[in-house]
Amino acid sequence: MQSTRSLPRWRRVFQSNRLYLAVLMFLVVFPHLVGWITGDSPFGVGGRPRGQSVFWQSVFIEVFILAILTMSYNLIFGFTGVISFGHALFFGLGGYILGLVLQMTDLGPEIGLVIGGVIGVAICGLLGFLMGLVSLRLRGVYFAIFTLAIAEMFFIYIGRWPLTNAEDGFALNNIPELLNSTRNRLTYYYLALVLVVLTFLFIRRLINSPTGKVLLAIRENENRAQAIGYNTLTFKLVAITLAGMMAAGAGMLHVILNKKVGPETLGLTYTVDPLLMTIIGGVGTHAGPLIGTAGLHLSERVFNREFIIGSTTINIGQNWSLILGIVFIVVVLVFPQGVVGTWARWRQRRRAARAPTEGGDV
Amino acid sequence: MDETILEARNLRKQFGGLVAVDDVSLRVRRGSVHSIIGPNGAGKTTFFNLLTGTYKPTRGQVFFKGQEITQVPLYRRAHLGMGRSFQITNIFPNLTVLENARLAVQAMSRINFQFFRRAESFTRFTDRALEVLTLVGLADMADYPANVLPHGGKRKLELAILLAPDPDVLLLDEPTAGMASEQVPELLATINVVRQQGQKTIVLVEHNMNVVMNISDVITVMNLGKLLAEGSPAEISANQTVQSVYLGELYNPSEN
Ligand SMILES: Nc1ncnc2c1ncn2[C@@H]1O[C@H](COP(=O)(O)OP(=O)(O)O)[C@@H](O)[C@H]1O
Ligand SMILES: [Mg+2]
């Protein structure tokens, strides 16, 4: 560790991020790698979005979108220590607002995308701020229940709103050609990847900044943070506003990918999934949401189907939720810090074993 | 010289039917060491919580530097120059020892909403944090998470967090609570250093009579939420009521 201090800055940055960079490099070449191995072009087969590479691109785009959502959830849940059960609200509402602007105005796909995107992110940020303002004085489970109530209220209301076709939702086809995931899936893949990287870097920057340190202090001990002079409400509002904005962005990526806006994006799934993925990956770590999201989503894609072994057919799909539930219980009971947290803890303990014994006594 | 820096006027705090602090008035002189003693459950911690703003009083007022602060929220009182430590260790367990102290310094600054610079790059805050950690004897533990500290170390960190922002008035709630008795003189020596370095006012809650007799200018005795007596250490040890109600119990060797 000491020796790295003398290296030039870029080398230090490179060294401390080499694992992330390796994963990023892999994800950059991944569509082409699959294409090369399977012989299916990453641009599709026969002018159509078919083939293994295109299929896996879709799977990974979903992972990227969920990763952004989960990282944003981790900002409030993992780094600030605020438990919200209403995160789907921002995800769904972001998609709805963008969809409404694109489909119901004459702005055209490009301008509509920019304006809808900005308005959606702004409204979700504002909504997060207002929800926090009226309810963040409540602590722990009371805040969680309040957010759940608000999110469910939107879910039920929008699910019955005639303008957006109630529970059917509406199709989104007025989108820029470049983002058309049928014809330009590879472009969409890289766009989503870039947004994952930006979200990751933004959150990491924030957490290492003076503001982020206060968020950690609030998570660790809100009373003490107040006693030493922090107006903790303000900082929690910053966190929930930013998280709401990021979740809205993820929701927009989701509706553009699926070319459909529907009330299921406001449902409990998009609150519970980020929660599970954060916990399994590692609450309050930077890599945790990424590992949790990739792990859960990819294993669902791989295992959530029928397996035929010899003459018996095992349908894991039917039992997928059960399996997920068991995995979750095991993680919570045995590795409450999740994958990343457990690993970090192990390293920390090795370090602590080498700690000097003075300074503390007793 | 006799200027009052902190004053409680007829403070009362009720928890349901229980009156934890009952009509307590008190003046703390600037630059003095003012101790509050009393048996467990006397209401000392609750009284502290009223002074520092953790609780709002049921009745009564608090004045600080000539200004009424009864309704001023907890976090703002720190900015007025009031710092407190806690009887039950109250730190940021998963942050490093250094970060615990650094956060207390940063709280007094204008950098709290700097999103895009590393907190460590503001070196004067880190330097100040290391300075107090050195003072309390925790400098070599700076990079370890606070929760690996043994109890005595956590008590020192508690003190470091209090000292880091350099408050004018230090309210210490049983700083030696739970410490091994051979460590107590060291901690008191640290408090004495701080006192002599600046014109600090110290309000000290203690359970242990021997500790306060040497360093206090004024001693206030509380019992059952009420103010029982106030005076110099000599006056207090001579006071008949205090002797019968409090000292007898405390000097009982079966306690502690
Ligand atoms: N938050 C609270 N809710 C209810 N009762 C409390 C609370 N805090 C303290 N008390 C009660 O108030 C009385 C005084 O407690 P405390 O101020 O902690 O005494 P001391 O610090 O002198 O030991 C005790 O009877 C205690 O049980
Ligand atoms: Mg007490």
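This is a predicted model, so every value here is computed, not measured.
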Contacting region of [X] [heavy-atom separation from chain A under 4.5 Å]:
{"X": "E99(B)", "value": "side chain"}
{"X": "D143(B)", "value": "both"}
{"X": "P93(B)", "value": "both"}
{"X": "F125(B)", "value": "neither"}
{"X": "P73(B)", "value": "neither"}

Counting N and O atoms only, with roles assigned by atom type, does the side chain of [X] sit under 3.5 Å from a partner on the main chain of [Y], one being a donor and the other an acceptor?
{"X": "Y230(A)", "Y": "A104(B)", "answer": "no"}
{"X": "N221(A)", "Y": "I91(B)", "answer": "yes"}
{"X": "Q226(A)", "Y": "L74(B)", "answer": "no"}

Contact origin within L242(A) toward chain B - heavy atom pairs under 4.5 Å:
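The side chain, not the backbone.
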Should we count [atom1] of [X] as having more than 12 external heavy atoms under 6.0 Å?
{"X": "F15(B)", "atom1": "CZ", "answer": "yes"}
{"X": "L19(A)", "atom1": "CG", "answer": "no"}
{"X": "L18(B)", "atom1": "CG", "answer": "yes"}
{"X": "F335(A)", "atom1": "CZ", "answer": "no"}

Give a yes-or-no answer on whether the side chains of N90(B) and N223(A) include a donor-acceptor pair shorter than 3.5 Å.
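Not at all, the side chains of N90(B) and N223(A) share no donor-acceptor pair under 3.5 Å.
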Which one of R118(B), M82(B), Q106(B), R155(B) has the most heavy-atom pairs closer than 4.5 Å to chain A?
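The option with the most such pairs is Q106(B).
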Could you grab the distance from atom [atom1] of [X] to atom [atom2] of [Y], nearest 0.5 Å is fine?
{"X": "F116(B)", "Y": "T211(A)", "atom1": "CZ", "atom2": "OG1", "value": "9.5 Å"}
{"X": "R84(B)", "Y": "I228(A)", "atom1": "CZ", "atom2": "CD1", "value": "13.0 Å"}
{"X": "R117(B)", "Y": "R205(A)", "atom1": "CZ", "atom2": "CZ", "value": "10.5 Å"}

Minimum heavy-atom separation for [X] and [Y], please, with both atom names.
{"X": "N94(B)", "Y": "E220(A)", "value": "N-OE1, 2.5 Å"}
{"X": "E120(B)", "Y": "N208(A)", "value": "OE1-O, 4.4 Å"}
{"X": "A78(B)", "Y": "A227(A)", "value": "CB-O, 3.6 Å"}
{"X": "F122(B)", "Y": "P210(A)", "value": "CE1-CG, 3.5 Å"}

Please examine the side chains of R224(A) and F86(B), heavy atoms only from C-beta on, and report whether any two atoms are closer than 4.5 Å.
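Touching, per the 4.5 Å side-chain cut-off.
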